[in-house]
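Each remark here refers to the structure printed beneath this line.
Since the model is a prediction, treat every value here as computed from it, not as a measurement.
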Amino acid sequence: MKILCENGRASVCYGGKILCEFKEGDEFCRLGKGCNTYSMSHGSFKIKEKIFSSSVFSIKRLSLNGNELTVGLDCGEFIISTGVKMLTFTPRISEEFNRMWINLPAESDERIYGCGENFTEFNLRGKKVNVWVAEHINALQTAKKIVKIAFGVRNTTKKQKFGNYETYYAEPTFISSRKYFFHSASTARCEFDFTKADVHILKTDSIAPFYIGVGESFEELESNLTSLLGRQPRLPDWVFDGAILGIQGGTDIMMSKVKACLDAGTAVCGVWIQDWEGRRVTAVGKQLQWNWQWDKELYPDLDKKIKELNEKGIRVLGYINPFLAVEKPLYKEAHEKGYCVKNRDGGDYYVTITTFPAAMVDLTNPQAYEWLKNIIKRNMIDLGFSGWMADFGEYLPTDCVLFSNEDARLKHNVWASLWAKLNREAVEESGKLGEIMFFTRSGFTDTKKYSTMMWNGDNHVDYSIDFGLPSVIPAALSLTCCGFGLSHSDVGGYTTFLSLKRTPELFMRWAEMNAFSPLMRGHEGLNPDVNAQFDYDDRVLSHHAKMSRIHRALKPYLKECDAENAEKGVGIIRPLFFRYDEERAYSEAYEYLLGGDILVAPVLKENAESRRVYLPNDEWVHLWSGVLYPGGEYEIAAPLGEIPVFIRKNAEKSEELLDIKNA
């Protein structure tokens with residue numbers, strides 16, 4: 001990129017074209033002063049904003065020094081510097097302002113993707129996006145659904161109002177169909193308005209630098225974005241060797257279920273026991289004790305069984321989050337040492353999680369941070385765990401008092417990244433990066449460079465488009481567009497309550513989808529006793545075994561995709577428009593490319609025997625029948641066990657990929 005400046009006019013050029021222009025007297029931005037009030041319940045937030053003042057500022061002067069353009073305003077200045085296909089806008093603005101509005105020119109047919117993890121809308125054009133990390137599964141929304149189910153109402157295709165949704169992973173980053181990205185370095189809440197025909201209005205609740213980058217292709221655009229923000233390391237080799245079984249209930253149950261799977265021909269690469277530290281039974285289901293010490297009564301001889309399973313090529317994974325159960329020993333230690341987040345009266349801040357309170361370790365306290373990190377090293381890594389779910393990270397209250405004395409309203413979003421950073425450091429300092437894989441639920445900008453894997457959170461155990469199986473597809477695609485290229489979901493979903501139960505068919509359909517994803521990992525769900533599991537009956541067990549073997553057969557291909565993500569920042573689950581410049585490809589939210597050569601169209605409806613599939617303009621071989629299809633729309637047969645999957649005929653290793661059906 002190159003900046004030219006003369007006679008009160010400046011232009012940024014790239015490839016012989018003018019990307020943007022600035023002229024003295026033109027409006028540059030709007031700045032103001034405002035205040036937000038927040039109320040939190042179970043991780044969900046209500047936010048009210050009051051703007052005290054705002055003013056539009058025009059360019060008073062332009063000056064160029066090397067590759068830095070100074071844009072002078074009455075209230076300060078912006079420094080615009082060029083990099084490799086990227087512009088950096090650095091504000092030097094009066095401290096009286098804490099609100100900034102940036103207008104970007106828009107085109108009527110432009111599409112917008114990203115802003116974190118969005119479960120209902122992939123293309124955000126026409127939407128206003130609230131960039132604020134929160135609990136995605138709202139208790140009130142779930143309760144309303146359960147009441148409707150009780151009266152026989154199951155409308156799986158109805159979406160709620162977009163503004164009512166919250167997300168675990170929010171980020172002030174998006175890409176445009178015009179092949180540019182925008183990223184704000186603000187840690188405060190942001191609001192991005194994509195509803196106008198000719199302009200995108202981007203508001204940040206702090207004055208912070210922002211970045212605009214371009215690419216010749218979407219792959220290059222993602223590479224440029226992740227060069228700025230960071231990438232995930234390569235996953236351990238073992239994660240591609242089959243399925244990770246979600247099991248609870250103790251040592252005997254764990255070992256017996258593993259044996260049943262192996263006897264059924266399941267490719268088992270891991271066992272995930274989230275209740276390794278103990279089980280808490282509440283009114284909403286079977287939850288955990290949140291005291292990060294081995295429960296030797298529930299899991300006797302766990303250390304020996306981990307070694308025994310490792311010898312069979314099966315890894316064992318655990319669970320942790322940044323909370324502490326207030327009735328348990330670790331909380332007592334943390335309380336006595338002053339390691340917890342405080343309320344304004346100086347006491348430990350208790351946050352209600354479902355039905356019980358918990359304290360939060362203060363990650364801004366260096367001693368508390370190291371204490372929790374060492375718990376992971378000592379109690380989890382030294383025990384022999386090869387990974388874990390690093391849950392939560394969304395619940396920092398905005399009215400709490402932090403050790404660092406930082407404003408919690410500006411630290412709230414960053415908390416998710418701090419939690420990922422702590423887990424990453426525990427792995428690296430133990431010399432286990434490349435061996436251990438942890439997966440996070442919450443996220444903000446820096447999460448992508450610390451976490452080794454995302455998972456899509458506590459989805460409902462149904463086919464609903466807003467919270468169930470379909471919702472994890474746009475969620476994964478939007479994460480990819482933000483530069484986080486490794487994500488997966490719980491096989492079968494999680495949130496279970498009363499009449500909201502997992503059926504065998506749903507479990508099998510979810511297993512089919514996750515077999516064609518970076519990671520195939522199960523979860524028993526919030527109420528395991530009413531959910532169909534992988535060993536529900538011989539039919540489900542056999543189906544799950546088949547899908548696990550297919551996932552293992554994809555290992556060489558997935559490892560190549562994983563390497564590309566680590567080296568170039570191009571995610572494994574990709575939107576169709578990454579490869580195909582077609583109208584439908586830009587709007588398709590429920591199909592995806594797995595790497596560059598496999599198209600996956602999961603079955604989204606109960607009792608469906610087929611699915612309508614859009615194939616971009618190419619030659620596609622149906623995995624199960626071998627039938628060759630040109631681009632177009634087709635009704636594809638999809639009996640259980642044959643999710644619509646297509647291989648590009650001209651893929652470099654198409655024959656090997658077509659052979660996975662025989663796994």
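Heavy atoms of other residues, nucleotides or ligands lying less than 6.0 angstrom from NZ of Lys158 number 12 at most. Summarising the local packing, CZ of Arg92 is surrounded by 12 or fewer heavy atoms from other residues, nucleotides or ligands at distances under 6.0 Å. Counted within 6.0 Å of NZ on Lys23, heavy atoms from surrounding residues, nucleotides or ligands total 12 or fewer; the atom is thus considered open. For CZ of Arg424, the number of neighbouring non-hydrogen atoms (other residues, nucleotides, ligands) closer than 6.0 Å is greater than 12.
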Checklist entry - Passes side chain to side chain donor-acceptor pair (under 3.5 Å), Arg189 versus Asn130? Steps please. => result CA-CA 7 Å; Arg189 170 180 172 258; Asn130 180 39; 2.9 Å; yes
Next on the checklist: What verdict does the side-chain contact (heavy atoms from CB on, under 4.5 Å) test give for Val414 and Asp446, after you've listed the backbone C-alpha separation in whole Å, the side-chain angles of each residue and the deciding distance to 0.1 Å?
Outcome noted: CA-CA 8 Å; Val414 180; Asp446 284 347; over 6 Å; no
Next on the checklist: As a quick check of understanding, evaluate side-chain contact (heavy atoms from CB on, under 4.5 Å) for Thr70 and Asn65, giving each step before the final call.
Outcome noted: CA-CA 8 Å; Thr70 299; Asn65 182 14; over 6 Å; no
Next on the checklist: Checking Tyr369 against Phe403 for the ring pair (Phe, Tyr, Trp, His ring centres under 6.0 Å) test, could you report, in this order, the C-alpha distance in whole Å, the side-chain angles of both residues, the deciding distance, and whether it holds?
Outcome noted: CA-CA 11 Å; Tyr369 184 94; Phe403 177 87; over 10 Å; no
Next on the checklist: I'd like to know whether Thr440 forms a side chain to side chain donor-acceptor pair (under 3.5 Å) with Trp419, so could you lay out the CA-CA distance, the side-chain angles of the two residues, the decisive distance to 0.1 Å, and finally the verdict.
Outcome noted: CA-CA 9 Å; Thr440 47; Trp419 175 227; over 6 Å; no
Item to check | Test side-chain contact (heavy atoms from CB on, under 4.5 Å) applied to Leu558 and Leu235, step by step | outcome: CA-CA 10 Å; Leu558 289 174; Leu235 290 166; over 6 Å; no
Item to check | Derivation of the side-chain contact (heavy atoms from CB on, under 4.5 Å) call for Leu202 and Ser184 | outcome: CA-CA 9 Å; Leu202 314 174; Ser184 171; over 6 Å; no
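Looking at heavy atoms from C-beta onward, Leu576 lies in side-chain contact with Leu599 at the 4.5 angstrom threshold. Counting only heavy atoms from C-beta outward, the side chains of Ser176 and Ile112 approach each other to under 4.5 Å. Residues Ile137 and Tyr168 meet the side-chain proximity criterion, which asks for heavy atoms closer than 4.5 Å. Contact check for Leu229 versus Phe181: no side-chain heavy atoms found under the 4.5 Å cut-off. The side-chain heavy atoms of Lys203 and Glu49, taken from C-beta on, include a pair separated by under 4.5 Å. The closest side-chain heavy-atom distance from Leu31 to Glu96 is not below 4.5 Å. Looking at Thr82 and Leu87, their side chains come closer than 4.5 Å, going by heavy atoms from C-beta outward. The shortest distance between side-chain heavy atoms of Leu363 and Leu372 falls below 4.5 Å.
The distance from atom CE of Met360 to atom CD1 of Ile353, rounded to the nearest 0.5 Å, is 8.0 Å. To the nearest 0.5 Å, atom NZ of residue Lys432 and atom CE of residue Met437 are 15.0 Å apart. One distance of note links CZ of Phe210 with OG1 of Thr88; it measures 10.0 Å at 0.5 Å rounding. Of the inter-residue distances, the one linking Arg409 atom CZ with Leu396 atom CG reads 12.5 Å to the nearest 0.5 angstrom. For the atom pair CE of Met389 and CE of Met453, the computed distance is 12.0 Å after rounding to the nearest 0.5 Å. Between the NZ atom in Lys448 and the CG atom in Leu225 there is a gap of 6.5 Å [rounded to 0.5 Å].
Under a 3.5 Å cut-off, the side chain of Asn565 and the backbone N or O of Cys561 do not form any donor-acceptor pair. The backbone N or O of Ser223 lies less than 3.5 Å from a partner atom in the side chain of Thr226, making a donor-acceptor pair. The main-chain N or O of Ser404 is found under 3.5 Å from a side-chain atom of Thr364 such that the two form a donor-acceptor pair. Of the possible polar contacts, none joining the Ser81 side chain to the Glu68 backbone as a donor-acceptor pair under 3.5 Å is found. In terms of modelled atom types and a separation under 3.5 Å, the side chain of Ser442 and the main chain of Phe392 share a donor-acceptor contact. Side-chain atoms of Tyr211 do not come within 3.5 Å of backbone N or O of Leu228 as any donor-acceptor pair. Side-chain N or O atoms of Arg125 include one that pairs as donor or acceptor with a backbone N or O of Glu110 at under 3.5 Å. A distance-only check finds a donor-acceptor pair linking the side chain of Arg579 to the backbone of Gly596 [under 3.5 Å]. Panel note: side chain Ser417, backbone Asn413; no donor-acceptor pair is recorded below 3.5 Å. Side-chain atoms of Ser44 never come within 3.5 Å of backbone atoms of Ser41 as a donor-acceptor pair (strictly under, hydrogens ignored).
Between Leu594 and Ser517 the shortest heavy-atom distance is CD1-CA, 4.0 Å. Heavy-atom minimum distance, Met513 versus Tyr592: O-OH, 3.4 Å. Considering all non-hydrogen atoms of both residues, Val131 and Phe444 come closest at CG1-CE1, 4.5 Å. Nearest approach of Cys29 to Ile102, heavy atoms of both residues: CB-CD1, 3.8 Å. Minimum interatomic distance between Val199 and Ala106 (heavy atoms only, all atoms of both residues): N-CB, 3.5 Å. Closest non-hydrogen pair, Ala420 versus Phe438, comes out as O-CZ, 3.8 Å.
Phe122 and Phe577 have parallel rings, their planes meeting at less than 30° on a 0 to 90° scale where 60° marks the start of perpendicular. Relative ring orientation between Tyr165 and His136 is described as parallel, the plane-to-plane angle staying below 30° on a 0-90° scale split at 30° and 60°. In this structure, His412 and Trp132 have parallel ring planes: the angle between them is below the 30° cut-off, well short of the 60° mark.
Counting only N and O atoms by type, the side chains of Tyr319 and Asp391 include a donor and acceptor under 3.5 Å apart. Residues Tyr580 and Glu588 have side chains that never bring a donor and an acceptor to within less than 3.5 angstrom of each other.
Ion pairing between a basic and an acidic side chain is recognised when a charged N comes within 4.0 Å of a carboxylate O; Glu222 and Arg574 show no such pairing. Electrostatic pairing of Asp198 and Lys196 does not count as a salt bridge here, judged by no charged N lying under 4.0 Å from a carboxylate O. Between Lys421 and Glu428 there is no salt bridge, since none of the side-chain N atoms of the basic residue sits less than 4.0 Å from a carboxylate O of the acidic one. For Glu121 and Lys159, the salt-bridge test passes: some basic side-chain N is under 4.0 Å from an acidic carboxylate O. The residues Glu583 and Arg111 are annotated as salt-bridged, a charged nitrogen and a carboxylate oxygen being separated by less than 4.0 angstrom.
Exactly one of Phe28, Phe89, Phe22 qualifies for a ring pair (Phe, Tyr, Trp, His ring centres under 6.0 Å) with Phe78. That residue is Phe28. Of the candidates Glu582, Glu591, Arg584, Glu582 is the only one forming a side-chain hydrogen bond (donor to acceptor under 3.5 Å, both in side chains) with Tyr614.
Less than 6.0 angstrom separates the ring centroid of Phe182 from the ring centroid of Phe174.
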